[in-house]
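By convention here, the first residue in the shown sequence is residue 1. Just so it is clear, the structure is predicted and the values come from calculations on it, not from any experiment.
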Amino acid sequence: MKPAGFLFPRELSVTPAGISRVLLVGSCLTALYYEQFSRLYPDIRFDYIAFNYAGSLPDQPPAAADGYDFQYVQIPLRSILTDRIIWAIRLGQPGFLRQIREDGYGILDTMLDSALGYNRSHGLLTFVANFAVPQMNITLSLDERHGAGDLAQVVRDLNAYLAQCIRKYDNVILCDVDAIGNSLGKQYFLDDMVYFYSHGASFFQDEWDRPPHHRIEAIPALDTVYESHQAELLAAVYEQMVSTYRTVRQMDQVKAVIFDLDNTLWRGQIAEDYRPDRQPWPRTDGWPLGIWEAIHHLRARGILVAICSKNDLALVQDRWDSVVQPGFLSLDDFAAVRINWQPKPENIQEICNIFNIKTRNVVFVDDNPVERESVRAALPDIRVIGSNPYLVRRILLWSAETQVLHLTDESARREVMVKGQIAREQVRNAKTRGEFLDSLGTEVSLSRADHEADRNLGRIMELTNRTNQFNTTGKRWTHAEIKEFLSGGGLIFTFSVKDRFADYGLVGVVYVLGHTIMQFLMSCRVMGMDIEYSVLAGIVNAIRKGTHVGAVNGVMIKSRDNGPCQALYETAGFHCRNNDGSGSMMFSIEGNETCIAPSHITLKM
């Protein structure tokens with residue numbers, strides 16, 4: 001297994017990343033990236049700006065800023081530490097090294113701010129690489145390791161400081177190159193066995209050391225002394241860029257993972273291998289424990305987990321605590337459980353309906369190849385894994401498709417909200433629709449995000465770029481586009497919902513420009529409660545407030561995914577004014593017409 005595929009699994013990737021142009025900013029190491037990436041990935045245009053000190057970047061990048069998918073910034077470690085480290089070692093003064101570290105923080109602040117010039121001026125998505133920690137703890141004595149006189153610890157501290165610094169900037173993400181080095185083996189690329197510890201680049205043999213030699217004894221080829229895995233390093237650094245980009249753009253994002261039980265969540269079969277009269281039982285350490293922990297990591301990221309197993313429910317409930325030992329995992333940790341003898345595709349589809357998500361946003365984990373194939377045949381969009389238990393944990397935790405850019409309050413509470421939604425649906429089935437809606441006590445809070453530093457921006461982008469079904473246009477937005485929209489007079493409304501079953505948090509976003517609702521999107525978990533009509537009426541009133549507005553308009557672009565919202569405007573009292581037959585439509589409601597709003601919802605603005 002190659003390091004790039006090991007660290008950044010591709011098994012859950014479906015859609016091509018679509019990267020066309022990248023700007024590289026950095027020192028000689030980045031120059032190597034530029035040279036090799038241009039050769040290895042000819043379909044992508046790479047531009048390079050040398051950046052070795054805290055000077056300003058050129059006023060404009062080599063191409064228009066909006067033509068880049070992202071920029072990759074690598075700040076040279078030597079510029080941060082300076083060559084004073086030689087004097088610190090020469091003079092044998094650990095306190096001098098401590099001062100270099102403190103000074104390095106200030107230099108790093110200045111260089112980072114300078115390197116992010118295009119990010120600030122154009123909102124350019126930016127990845128910042130951290131520093132490769134030296135291979136050895138460089139100390140004057142062994143008892144000072146990780147202390148004030150340890151140069152390797154200084155670099156670790158700089159990495160921690162860098163991670164903290166970039167959180168102050170918008171649309172800037174850390175790329176942990178040091179983690180790549182730790183997995184790949186710094187022995188195979190890092191030049192600190194030859195060059196300054198503060199240089200932190202990939203080793204190579206200088207032309208001067210090659211034939212014809214200028215020494216009595218010829219210098220051997222460097223790769224006969226130090227084995228180089230530079231190609232693997234380059235591939236892994238590039239794959240980290242792609243993986244980070246896919247996460248930022250939320251491509252092929254996983255919203256739920258559904259697990260089989262026997263030989264998937266534990267070794268063996270619960271009915272046969274865990275009988276009280278049969279000992280010893282299969283071991284739980286190793287990969288079962290790893291998957292149990294992975295499930296909690298997924299839940300913490302806001303990814304729903306469920307069980308779909310052909311088994312006896314009563315038996316599983318009775319033996320669960322004995323099998324899952326110690327009790328790191330319980331049935332209550334799963335948002336939905338389907339343990340029965342029905343075909344698995346039917347159970348999985350039912351779980352998707354409960355979660356209100358498409359099968360393309362689901363991963364199914366099952367050890368049985370026949371079951372995997374039956375699910376894949378019935379639900380072609382679903383992603384299926386599970387043949388090798390040694391791969392499952394890494395794929396689920398390390399894939400770009402299961403990463404989240406920001407952990408919002410709503411993401412962290414998604415499981416609770418879904419369980420509340422399930423309880424709500426159970427009540428719905430016992431009442432008429434009117435009785436059910438009246439019983440909810442629904443409250444909607446409508447507010448406005450009118451600047452790019454709004455605290456909800458992460459959630460706004462998450463919802464915008466993940467929502468498919470209730471999304472009037474399906475447009476995906478970048479941070480730069482949102483910034484431009486707001487600076488151009490656009491308004492972004494958000495709304496939060498709660499009822500007697502759950503507080504669903506921020507579940508909807510509406511983009512308004514002038515008198516036109518450009519895009520209306522809402523989480524599927526509050527569909528069927530008439531939330532959209534209450535919000536639409538509130539926004540129409542907000543647009544009309546204090547002005548003599550004639551018509552308020554709404555844009556609709558029909559797609560195969562957004563059927564649930566295609567009747568939004570007509571049901572609310574809007575009239576279709578323009579339909580070009582391609583699915584793009586314009587609706588409007590006149591100033592003397594009332595936008596229909598449901599009476600069972602309390603709207604707060």
Rounded to the nearest 0.5 Å, what's the gap from [atom1] on [X] to [atom2] on [Y]? Could you check?
X: Asn182; Y: Leu7; atom1: CG; atom2: CG; value: 10.0 Å
X: Phe37; Y: Met241; atom1: CZ; atom2: CE; value: 4.0 Å
X: Ile80; Y: Leu108; atom1: CD1; atom2: CG; value: 4.5 Å
X: Ser399; Y: Arg10; atom1: OG; atom2: CZ; value: 10.5 Å
X: Phe204; Y: Asp209; atom1: CZ; atom2: CG; value: 9.5 Å
X: Ile19; Y: Asp43; atom1: CD1; atom2: CG; value: 12.0 Å

Measure across [X] and [Y] and return the closest heavy-atom pair with its distance rounded to 0.1 Å.
X: Arg301; Y: Thr402; answer: NH1-O, 3.0 Å
X: Ile460; Y: Ala449; answer: CD1-CB, 3.9 Å
X: Ala132; Y: Leu77; answer: O-CD2, 4.5 Å
X: Phe203; Y: Gln187; answer: CE2-O, 3.7 Å
X: Ala65; Y: Leu124; answer: O-CD1, 3.7 Å
X: Tyr48; Y: Ala31; answer: OH-CB, 3.6 Å

Measure from the side-chain N and O atoms of [X] to the backbone N and O of [Y], and report whether any donor-acceptor pair falls under 3.5 Å.
X: Arg267; Y: Asp285; answer: yes
X: Arg145; Y: Asp150; answer: no
X: Gln403; Y: Leu397; answer: yes
X: Asn171; Y: Thr126; answer: no
X: Lys358; Y: Asp561; answer: no
X: Asn361; Y: Gln253; answer: yes
X: Trp398; Y: Arg393; answer: no

Residues Asn137 and Gln153: side-chain donor-acceptor under 3.5 angstrom:
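Asn137 vs Gln153: no donor-acceptor pair found between side chains.
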
Are Tyr511 and Thr473 close enough that a side-chain donor and a side-chain acceptor fall under 3.5 Å?
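Result is no, nothing qualifies.
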
Close side-chain approach of [X] to [Y], heavy-atom, < 4.5 Å:
X: Tyr245; Y: Leu125; value: yes
X: Met461; Y: Trp477; value: no
X: Tyr118; Y: Gln71; value: yes
X: Asp103; Y: Thr82; value: no
X: Gln519; Y: Asn471; value: yes
X: Pro3; Y: Glu239; value: no
X: Thr284; Y: Phe328; value: no
X: Asp333; Y: Val305; value: no

Is it true that, when you exclude [X] itself, more than 12 heavy atoms of the residues, nucleotides or ligands shown sit nearer than 6.0 Å to its [atom1]?
X: Gln250; atom1: CD; answer: yes
X: Met136; atom1: CE; answer: no
X: Asp59; atom1: CG; answer: no
X: Lys168; atom1: NZ; answer: yes

For Val362, the option from Ile357, Val254, Val375 that meets side-chain contact (heavy atoms from CB on, under 4.5 Å)
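Among Ile357, Val254, Val375, the one meeting side-chain contact (heavy atoms from CB on, under 4.5 Å) with Val362 is Ile357.
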
Which residue, Ile395, Asp260, Thr264, forms the side-chain contact (heavy atoms from CB on, under 4.5 Å) with Val365?
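Only one of Ile395, Asp260, Thr264 forms a side-chain contact (heavy atoms from CB on, under 4.5 Å) with Val365, namely Thr264.
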
Test Thr15 against Asp252 for side-chain hydrogen bond (donor to acceptor under 3.5 Å, both in side chains), laying out the working first.
CA-CA 7 Å; Thr15 308; Asp252 301 327; 2.7 Å; yes

I'd like to know if [X] pairs up with [Y] as an ion pair, taking the criterion as any Lys NZ or Arg NE/NH1/NH2 lying under 4.0 Å from an Asp or Glu carboxylate oxygen.
X: Asp157; Y: Arg101; value: yes
X: Asp113; Y: Arg120; value: yes
X: Glu401; Y: Arg383; value: no

I'd like to know whether Phe70 forms a side chain to side chain contact (heavy atoms under 4.5 Å, CB included) with Ile173, so could you lay out the CA-CA distance, the side-chain angles of the two residues, the decisive distance to 0.1 Å, and finally the verdict.
CA-CA 11 Å; Phe70 60 87; Ile173 297 98; over 6 Å; no

So Tyr41 and Phe46, would you call those rings parallel, tilted or perpendicular, with 30° and 60° as cut-offs?
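Tyr41 vs Phe46 ring planes: tilted.
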
